[in-house]
**Q** 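Quick one: the structure is below, and I'll ask about it shortly.
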Amino acid sequence: IVAQVANLFPETNHSIVLPPWEPGEDFIDGHMVAGRWEFDVYIEYALGYIAFYSPEETVMRELERRLSPIVRLGLDS
């Protein structure tokens, strides 16, 4: 899923930093850079939960704009 989100920014270079997976690991915190857009990634494997976060509203609005055609979002517009 994280790679699919990176592909929503085709005009940019990508950097995804996730810690190495450990057996039994359920919570994963990482960081993603897609060109000038930077945000944190949180994954909770057992619940199938993934979240992207940035304290910058413009980053979140851009992510919302690019994700909205393909997923249901929990953001207020």
Side-chain angles (χ1 to χ4, degrees):
I1 292 173
V2 174
Q4 290 174 329
V5 170
N7 288 333
L8 294 174
F9 296 84
E11 72 282 8
T12 63
N13 293 322
H14 306 102
S15 170
I16 302 168
V17 179
L18 298 172
W21 183 79
E22 296 179 19
E25 184 78 42
D26 189 36
F27 307 107
I28 300 169
D29 285 310
H31 190 75
M32 182 173 180
V33 178
R36 66 185 185 103
W37 309 105
E38 240 181 280
F39 37 89
D40 294 320
V41 180
Y42 173 79
I43 302 166
E44 192 168 326
Y45 184 76
L47 297 177
Y49 178 83
I50 187 167
F52 298 93
Y53 171 77
S54 171
E56 301 293 327
E57 183 177 351
T58 55
V59 173
M60 293 306 296
R61 293 293 175 197
E62 183 63 19
L63 187 59
E64 175 187 26
R65 184 184 74 75
R66 293 183 190 226
L67 280 173
S68 62
I70 59 172
V71 297
R72 188 176 69 175
L73 302 172
L75 294 175
D76 295 326
S77 295

**Q** Please name the pair of heavy atoms, one in S54 and one in M60, separated by the smallest distance, quoted to 0.1 Å.
**A**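 Distance-wise, the nearest heavy atoms are N-SD, 3.3 Å.
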**Q** When clusters are formed from ILVMFWY side-chain contacts under 4.5 Å, directly or step by step, what else is grouped with V17?
**A**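 Besides V17, the hydrophobic cluster comprises nothing; the residue is isolated.
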**Q** Would you name the heavy atoms of W37 and T58 that are closest together and state the gap between them?
**A**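 In terms of heavy atoms, the two residues are closest at CZ3-O, 3.7 Å.
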**Q** Among residues at least two apart in sequence or on other chains, which ones pass salt bridge (charged side-chain N to carboxylate O under 4.0 Å, His left out) with E22?
**A**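 Expected list: none.
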**Q** Output all residues satisfying side chain to side chain donor-acceptor pair (under 3.5 Å) with E56, sequence neighbours left out; order by chain, then residue number.
**A**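 Partners of E56 by the side chain to side chain donor-acceptor pair (under 3.5 Å) criterion come out as none, since no residue qualifies.
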**Q** Could you list the residues that satisfy side chain to side chain donor-acceptor pair (under 3.5 Å) with D40, not counting sequence neighbours?
**A**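 Side chain to side chain donor-acceptor pair (under 3.5 Å) list for D40, sorted by chain: H31.
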**Q** Got a second to check how far F9's CZ is from L63's CG, nearest 0.5 Å?
**A**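 That separation rounds to 5.0 Å.
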**Q** Taking only residues two or more places apart in sequence, or in another chain, which ones meet Y42 in a side chain to side chain donor-acceptor pair (under 3.5 Å)?
**A**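 Y42: side chain to side chain donor-acceptor pair (under 3.5 Å) contacts with E44.
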**Q** Of the non-hydrogen atoms in A46 and D26, which two are nearest, and what is the gap between them?
**A**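 Residues A46 and D26, closest heavy atoms: N-OD1, 2.6 Å.
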**Q** Going by the rule side chain to side chain contact (heavy atoms under 4.5 Å, CB included), which residues pair with I50 if we only count those two or more places apart in sequence or in a different chain?
**A**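 Once residues adjacent in sequence are excluded, the partners of I50 under the side chain to side chain contact (heavy atoms under 4.5 Å, CB included) criterion are I1, V2, V41, I43, F52.
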**Q** How far does CZ of R65 sit from CG of L8, to the nearest 0.5 angstrom?
**A**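 One gets 10.0 Å once the value is rounded to the nearest 0.5 Å.
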**Q** Kindly indicate whether the side chain of P19, heavy atoms from C-beta on, has any atom under 4.5 Å from the side chain of D29.
**A**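 Result no, sub-4.5 Å side-chain heavy-atom pair not found.
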**Q** Going only through I, L, V, M, F, W and Y residues with side-chain contacts under 4.5 Å, is there a path from L67 to I16?
**A**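 Result: yes, single cluster for both.
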